[in-house]
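Below is one structure, written out as structure tokens; the observations come after it.
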Amino acid sequence: MHPETHLTRHHFRAADLRAEADAHRLTAQAKRPYAIRTRLGWTLVEVGLRLASPRPAFAH
């Protein structure tokens with residue numbers, strides 16, 4: 001094989017890796033809002049549980 005053949009294969013592989021990296025980056029960015037929604041949801045559950053739990057009576 002000629003050196004140009006290896007160089008061509010290298011360029012194709014590099015382009016494939018860049019495309020995979022871009023796809024991974026887009027997927028990671030798309031998942032971020034769910035993390036915020038999950039944290040907000042659990043915070044609302046915690047607030048609801050605190051409001052629903054009986055408060056201890058204060059002794060006079």
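Predicted model, so just to flag it, every value in this text is computed and none were measured. When reading the values below, keep in mind they use all heavy atoms of this one structure, side chains included, and skip hydrogens, waters and symmetry mates.
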Problem - Any Glu46 side-chain heavy atom under 4.5 Å of Arg50 side chain - result: yes

Handout entry: Gap between atom CG of Leu44 and atom CG of Leu49 - 0.5 Å precision
Key = 11.0 Å

Completion exercise
Between the NE2 atom in His11 and the CD atom in Glu4, the distance rounded to the nearest 0.5 Å is 11.0 Å

